[in-house]
Amino acid sequence: MRIILLGPPGAGKGTQAKMISQRYGWPQISTGDILRSAVAEQTAMGREAKKFMDAGELVPDEVVIGVINERLTQADCQAGFLLDGFPRTVGQAEALTTALAASGGKIDMVIDLRVEAEELVRRLTGRRICRACGQMFHLEFSPPATEDVCDQCGGELYQRADDNEATIMKRFDVYRQQADLLESYYATGGAYHRLDGSAPIEEVRGALLALLDG
Ligand code: AP5
Ligand code: MG
Ligand code: ZN
């Protein structure tokens with residue numbers, strides 16, 4: 001299966017993508033994670049992307065499309081994949097359609113997680129991430145057993161640079177500018193599903209699995 005997870009910042013794309021990826025074996029491809037790695041490694045792309053990410057703006061389409069096109073040609077993507085945070089614009093969606101069509105493929109399912117803005121702010125300001133394994137925590141909704149330590153690997157937990165109130169607001173604005181256009185792009189093909197992401201993590205997971213297994 002080739003799946004896209006859409007949704008606003010904090011909707012739970014990363015949290016759910018990790019679970020789906022573990023269950024079905026499809027790789028989770030998060031453009032945000034790939035870009036953050038490039039920033040940490042201070043590659044040329046990372047230095048360029050950092051300016052946009054710190055401002056809560058989208059990294060230019062040509063950069064992100066290049067990243068995805070390269071990633072999708074790797075062997076682990078051939079049996080399916082799960083895109084988390086891509087596409088973000090109709091231009092990116094069109095590029096993806098074209099890239100998949102070149103090898104006779106297409107997206108099987110688009111799942112659009114929707115959550116209200118107030119809840120999203122709570123989720124993002126309380127989020128903590130493991131520096132070593134990328135596992136997501138939340139100070140209130142899924143706290144680690146020991147403060148600032150990852151339950152899975154013992155790594156150190158950190159807060160993302162763009163998870164401050166001002167940048168979060170900018171990210172919401174950017175999301176709102178693109179969301180309807182992306183929904184329209186995918187709405188006609190029959191692959192589009194909107195899913196309420198406001199329930200607790202396990203409930204959203206159940207609804208997602210029902211969709212995928214249905
Ligand atoms: P990206 O990393 O994709 O960030 P985002 O879209 O803002 O989404 P988040 O990762 O913040 O949220 P999420 O939906 O993954 O939520 P999570 O599961 O962590 O992108 C970052 C930046 O990179 C962009 O701003 C842009 O600059 C650039 N970029 C990335 N992709 C790009 C692209 N395609 N084009 C251009 N630029 C791009 O959950 C959040 C928190 O809530 C966690 O603490 C979690 O534990 C908790 N939580 C999750 N689900 C629930 C639940 N059901 N109930 C309670 N708590 C929950
Ligand atoms: Mg994420
Ligand atoms: Zn960890």
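Numbering of ligands and ligand atoms starts at 1, following listing order. Positions are given from 1 along the sequence. Please read all numbers here as calculations on a predicted model, not as lab measurements.
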What protein heavy atom sits nearest [atom], and how far away is it?
atom	value
atom 53 (N) of ligand 1	A199 O, 2.8 Å
atom 7 (O) of ligand 1	R171 NH2, 2.8 Å
atom 38 (C) of ligand 1	L35 CD1, 4.0 Å
atom 44 (O) of ligand 1	F137 O, 2.7 Å
atom 19 (O) of ligand 1	R127 NH1, 2.6 Å
atom 26 (C) of ligand 1	E57 O, 3.5 Å
atom 12 (O) of ligand 1	G10 N, 2.8 Å
atom 15 (O) of ligand 1	G14 N, 2.9 Å

Under-4.0 Å heavy-atom contact with ligand 1, by part of [X] that carries it:
X	result
S30	neither
R160	side chain
T15	both

Any idea which atoms of ligand 1 are less than 4.0 Å away from a heavy-atom of [X]?
X	result
S142	46 (O)
P9	5 (P), 7 (O), 8 (O), 12 (O)
Q92	33 (C), 34 (N), 35 (N), 36 (C)
I201	50 (N), 51 (C), 52 (C), 53 (N), 54 (N), 57 (C)
T31	30 (C), 31 (N), 32 (C), 33 (C), 34 (N)
F141	55 (C), 56 (N)
L124	11 (O)

Looking at [Y] and [X], is there a salt bridge between them, counting it only when a charged N and a carboxylate O are closer than 4.0 Å?
X	Y	result
R123	D163	no
R36	D33	yes
D162	K50	no

Quiz item: What heavy-atom pair brings L120 and P9 nearest, and what distance separates the two atoms?
Solution: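 For L120 versus P9, the nearest heavy atoms are CD2-O, 3.3 Å.
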
Self-check item: Closest approach of A17 to L82 (non-hydrogen atoms, all atoms of both residues)
Solution: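 For A17 and L82, the tightest heavy-atom pair comes out as O-CD2, 3.3 Å.
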
Distance check, rounded to the nearest 0.5 Å: [X] atom [atom1] versus [Y] atom [atom2]?
X	Y	atom1	atom2	answer
R122	E116	CZ	CD	10.0 Å
I201	F141	CD1	CZ	9.0 Å
L212	M1	CG	CE	5.0 Å
I168	R160	CD1	CZ	9.5 Å
Q178	L6	CD	CG	11.5 Å

Exercise. For residues P27 and Q74, determine if any side-chain heavy atom of one lies less than 4.5 Å from a side-chain heavy atom of the other.
Key: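 P27 vs Q74: side chains apart.
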
Quiz item: Any side-chain heavy-atom pair from D76 and R71 closer than 4.5 angstrom?
Solution: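 Yes. Closest side-chain heavy atoms under 4.5 Å.
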
Quiz prompt | Candidate list L83, I68, D61, test side chain to side chain contact (heavy atoms under 4.5 Å, CB included), partner Q92, passing option | solution =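 Among L83, I68, D61, the one meeting side chain to side chain contact (heavy atoms under 4.5 Å, CB included) with Q92 is D61.
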
Practice problem: Please name the residue in the list R131, Q135, R128 that meets the side chain to side chain contact (heavy atoms under 4.5 Å, CB included) test with C150. | Solution: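 Among R131, Q135, R128, the one that satisfies the side chain to side chain contact (heavy atoms under 4.5 Å, CB included) with C150 is Q135.
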
Ignoring hydrogens and angles, tell me if any N or O in the side chain of [X] forms a donor-acceptor pair with the backbone of [Y] under 3.5 Å.
X	Y	answer
R47	Q42	yes
Q159	G126	no
T167	G56	no
K170	A55	no

So, regarding [X] and ligand 1 (criterion: nitrogen or oxygen to nitrogen or oxygen, under 3.5 Å), is there a contact or not?
X	result
G85	yes
A11	yes
K13	yes

Give the single entry among [options] that approaches [atom] most closely by any heavy atom.
atom	options	result
atom 33 (C) of ligand 1	R205, Q178, R88	R88
atom 16 (O) of ligand 1	P87, P60, G91, G12	G12
atom 37 (N) of ligand 1	V59, V115, L139	V59

Quiz item: What protein N/O/S atoms sit under 2.8 Å from the Zn ion (ligand 3), by chain and number?
Solution: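 Protein N, O or S atoms closer than 2.8 Å to the Zn ion (ligand 3): C130 SG, C133 SG, C150 SG, C153 SG.
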
Self-check item: Whether R36 lies under 4.0 Å from ligand 1, heavy atom
Solution: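 Right, R36 reaches ligand 1.
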
Quiz item: Applying a strict 4.0 Å limit to heavy atoms, is P200 in contact with ligand 1?
Solution: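 Heavy atoms of P200 do come under 4.0 Å of ligand 1.
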
Quiz item: Quick one: salt bridge (charged side-chain N to carboxylate O under 4.0 Å, His left out) partners of K106, sequence neighbours excluded?
Solution: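 With neighbours one apart ignored, the set is D108.
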
